[in-house]
Student: 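Got a structure for you, questions after.
Quick note on labels: first sequence line is chain A, next is B, and so on, each numbered from 1.
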Amino acid sequence: MIDINLFLRKRDINQLYKYVVDDEEKWPIFRYNKKRNQVIQLVKKYTLKHFIENNSENIHELIAECLYLEQIRIKEQPWRVDPSDEKEFWKDVKYKLKEIKNKSVLGESTKQLEEELLLKIIDRYAQEIAGNFKISTYRIATILVPFVLTKIFNASIRIRNRKEYHLHKNKSYSLNDKVKVIGDIELIRKLSTKGTILLLPTHFSNLDSIVMGWTIRTIGLSPFMYGAGLNLFNMHLFAYFMGRLGAYKVDRRKKNQIYLEALKTYTKISIDYGVHQLFFPGGTRSRSGSIEKKLKLGLLSTAIDVQCENCRKNPDNPRKIFVVPAVINYHFVLDAASLIHQELKNIGKEKYLTIKDKSGSTWNILKTIVKFFTASSDMIISYGAPMDVFGNRVDENGVSYDKHNRPIRLFDYFSFNDKFLLDEQRNSQYTIELGDRILKEFLRTNVVMTSHLVAFTAFEMIKNQFKLSLFDLLSVPTEEISLEMEDFVFTIEKTKSKILELYQKSELKISEELNSSTNDLITHGLYNLGLYNEKKPLMINKEGKLVTQDLALLYYYHNRLDGYGLEKLFHI
Amino acid sequence: MYAIEKVGVLGSGSFGICLANLLSENYEVMLYARRQEVLNTILTTREYAGQRLTEKVHVTNDLKLIADSCKLIFPVVSSAGFRDVMQKIGPYLTPGHVLIHGTKGLDVTLLNDNIPENDFSESRKYIFTMSDVILQETSVKRIGVISGPNLATEIAHGLPAATVVASNYDDVIQLAIQALKSPRFKIYTSKDLVGTELAGVLKNPIAIASGIHAAMDLGHNARAFLITRGFSEMIKIGKVLKSDMTGFLGLAGIGDLIATCSGNLSRNFSVGYRIGKGEKLKDILNSMQETAEGINTVKIAHSVSKHYKLRTPLFDALYDVLFQEASPYDAMKELLNGPTVKDVDFI
């Protein structure tokens with residue numbers, strides 16, 4: 001039996017903030033998807049225009065190349081989600097292309113036929129990419145997801161803490177007990193009504209998109225648009241929900257120019273329309289466990305282009321795009337072992353010999369979700385300071401400010417002597433600089449948790465003890481590795497004080513537990529580090545020494561504090 | 001064509017005035033003079049540093065006026081005063097401004113005093129090129145550098161010369177080409193901003209070494225030896241300062257080396273020459289009107305090299321001669337007696 005009261009109560013608990021915009025029909029994502037057909041027409045129009053302006057002489061070759069790549073894809077990488085008429089469609093394209101070629105050899109004009117065929121392909125892509133948003137599905141999802149997760153979460157707390165059952169008996173925990181959201185939330189909420197928000201989180205775990213979707217709702221923002229890999233649509237349940245929750249489809253197999261341009265145009269139109277976007281700029285999950293060091297600039301470049309266009313249209317008051325970097329902080333990542341093995345294989349090549357390699361299937365994703373919410377470990381979503389696409393600070397009215405606190409006119413970036421200039425090279429350089437700015441902001445937004453500190457310190461101590469190259473060190477038998485607790489406590493204190501120093505300078509954030517006594521900190525860190533990973537990255541053995549069951553895993557968690565120059569503390 | 005109205009030049013040393021005159025062939029120029037006495041001299045005589053200002057050059061000490069009336073500005077103040085000028089003009093600059101600097105020095109003001117003892121493990125966190133300083137102190141993004149064999153005295157005499165303009169932005173390069181267009185001044189372009197900046201900076205110590213050598217009269221072979229080895233060390237140091245090599249291979253590197261190491265028109269060369277003749281660095285510095293950027297660069301380069309354990313015998317010897325009062329003869333002897341290594345090891 002479903003307890004309706006619990007249902008409703010849970011819903012309140014999970015909603016920390018009221019919706020900024022109450023009326024669901026006024027949400028940008030709803031209005032945008034309501035015009036789905038019009039959007040598709042626009043995608044067709046602009047994509048075609050792009051090719052006519054830039055490739056008008058080579059449309060035949062453009063289609064031929066696309067056809068070639070698509071035929072290879074259909075043959076070599078078929079997916080369940082692929083439409084059944086695919087072969088037929090491309091066969092038809094091939095036939096028409098041949099016809100056009102014949103006519104052109106005879107000297108007839110084929111321009112119109114080529115454009116018609118191109119438009120047909122764009123239409124197919126646009127239909128596939130475009131998402132949908134159903135309020136009813138959204139309502140069900142927002143009630144169902146936290147309800148189920150909270151149920152599992154509460155049950156697991158009771159089971160795990162049988163001894164302290166009385167403490168938990170009448171308590172009901174919500175997701176908010178588990179997930180902390182920090183950052184200037186009020187500012188982000190206000191900005192959401194002034195322009196388009198580009199939410200850019202780091203990417204460590206399969207859970208990230210679900211967790212981000214959930215926090216967006218808790219801070220009272222309307223749902224964000226999200227580009228979901230087409231592979232996820234292979235699974236019916238995912239496909240059903242995502243297809244109706246504003247996700248648009250991204251097919252990483254399709255690398256042809258026509259598809260990529262149609263995809264870019266679709267996101268461009270949605271950003272321009274004011275639909276907030278969720279995008280993992282790292283592309284895939286971090287394999288090394290460190291915060292992203294390089295970003296995929298695709299969507300960022302689209303954002304700069306839209307901002308440029310808006311400045312041209314309205315020099316003094318352009319519609320703005322606000323960039324909000326975010327860092328998701330976990331004590332443990334379930335797939336950590338397989339991720340780090342992929343990373344080491346990748347960078348070490350023949351130097352890294354291993355047998356272990358588990359890939360993430362959809363089953364694994366579900367397993368991750370259940371395991372995650374049954375573990376007692378906390379997580380922190382840290383929102384960075386919102387900025388414009390040039391990395392400038394913005395106030396609640398969306399006004400940008402320079403280093404001297406003077407308001408900035410974004411039009412200036414795209415002009416010389418007050419004359420607007422369209423310059424793709426300049427815009428692409430702006431994109432590169434925005435990427436660098438986001439990477440810096442990731443480091444400042446990152447929250448150092450006890451487990452990160454413990455893992456970092458232990459691995460650096462081990463590295464120092466053996467003085468070997470990474471791959472030689474990783475092949476040292478784990479039985480040979482141990483750390484004296486006394487040394488460890490001493491070194492933790494040293495590292496911690498450096499971290500606190502960086503915190504004072506606002507170069508990073510710290511979790512509450514980091515302020516507790518060194519012993520408590522170590523206990524907390526050791527308990528949470530790699531909780532639920534099959535092998536323990538770090539533990540205390542019977543003799544009271546610190547040992548590891550998997551050094552590569554410890555290396556993975558250690559990497560989380562990469563980028564702050566902390567390893568310098570260990571160079572003797 | 002860009003709608004350039006007026007062009008600003010910050011710094012009225014010999015290169016600043018030379019550049020202002022060159023720019024005035026195409027546009028009205030606003031020249032900034034920081035020191036009151038220089039401003040007065042120019043206002044009354046229209047002459048400074050041995051050059052006469054053309055009618056289209058207007059001199060002022062009002063940075064706001066320059067920022068308001070010029071969207072394209074060339075800062076060419078010495079590296080020691082660069083940050084100060086940027087801090088002063090910063091509040092008047094907008095992202096609509098384009099800055100192309102011509103200063104061949106580094107900024108270490110954030111490092112405080114004791115350079116050799118400091119921690120350089122993240123080299124570019126403490127050692128800044130002038131474009132870094134512009135980014136730090138202003139809201140300008142479109143930045144470029146002009147560098148190369150551009151001895152002010154020769155350009156002032158109307159002799160032909162070539163230069164390189166480097167920037168990450170095509171429009172900065174195009175603006176420079178448009179503003180500096182002249183039948184006697186040939187412009188080349190580069191996308192390697194930091195490499196071009198560092199090449200110009202790191203060649204200065206070699207010019208000093210060349211001057212020392214000239215005073216010692218050791219012959220052409222030895223000079224070629226110093227320049228070539230110096231070039232190889234420049235690249236090594238440049239690399240750890242996170243720069244590309246391309247900037248070094250062009251006008252800003254090899255080109256400028258040839259010019260400054262060949263004669264006494266360069267300030268750095270003169271400093272070296274006087275050291276070679278037995279004068280003390282302190283006395284030389286006291287008698288000079290303008291900065292020889294190379295002296296400070298030797299100090300910075302030496303500590304960078306030490307930190308990264310680079311093999312840079314020439315820079316080391318130069319450091320010993322300038323700051324440890326080592327004799328140039330002993331330094332040369334040491335260079336000749338060093339271990340045998342590969343000739344080209346930087347590619």
Student: Non-hydrogen atoms of chain B under 4.5 Å away: do they reach the side chain of A:R426, the backbone, both or neither?
Tutor: both
Student: Any chance you could measure B:L10, atom CG, to B:K88, atom NZ, to the nearest 0.5 Å?
Tutor: 12.0 Å
Student: Rounded to the nearest 0.5 Å, how far does CG of A:D562 lie from NE2 of A:H452?
Tutor: 13.0 Å
Student: Taking B:A3, B:P95, B:G90 one by one, which has the highest count of heavy-atom pairs under 4.5 Å against chain A?
Tutor: B:P95
Student: Check whether B:H302 reaches the backbone of B:K299 with its side chain - one donor and one acceptor, N or O, closer than 3.5 Å.
Tutor: no
Student: Hey, is the main chain of B:K64 close enough, under 3.5 Å, to the side chain of B:D62 for a donor-acceptor pair?
Tutor: yes
Student: So, do B:Y169 and A:Y430 have ring centers that fall under 6.0 Å from each other?
Tutor: yes
Student: For A:F390, is it the side chain, the backbone, both, or neither that has a heavy atom closer than 4.5 Å to a heavy atom of chain B?
Tutor: both
Student: Where does B:L175 contact chain A at under 4.5 Å (heavy atoms): side chain, backbone, both or neither?
Tutor: side chain
Student: At a heavy-atom separation under 4.5 Å, does B:E137 approach chain A through its side chain, its backbone, both, or neither?
Tutor: backbone
Student: Does any backbone or side-chain atom of B:K191 lie under 4.5 Å from a heavy atom of chain A? Answer side chain, backbone, both or neither.
Tutor: side chain
Student: Would you kindly check if the NZ (Lys) or CZ (Arg) of B:K186 is within the cone defined by 45 degrees around the ring axis of B:Y188 and under 6.0 Å from the six-membered ring centre?
Tutor: yes
Student: Less than 4.5 Å to any heavy atom of chain B: does that hold for the side chain of A:L421, its backbone, both, or neither?
Tutor: side chain
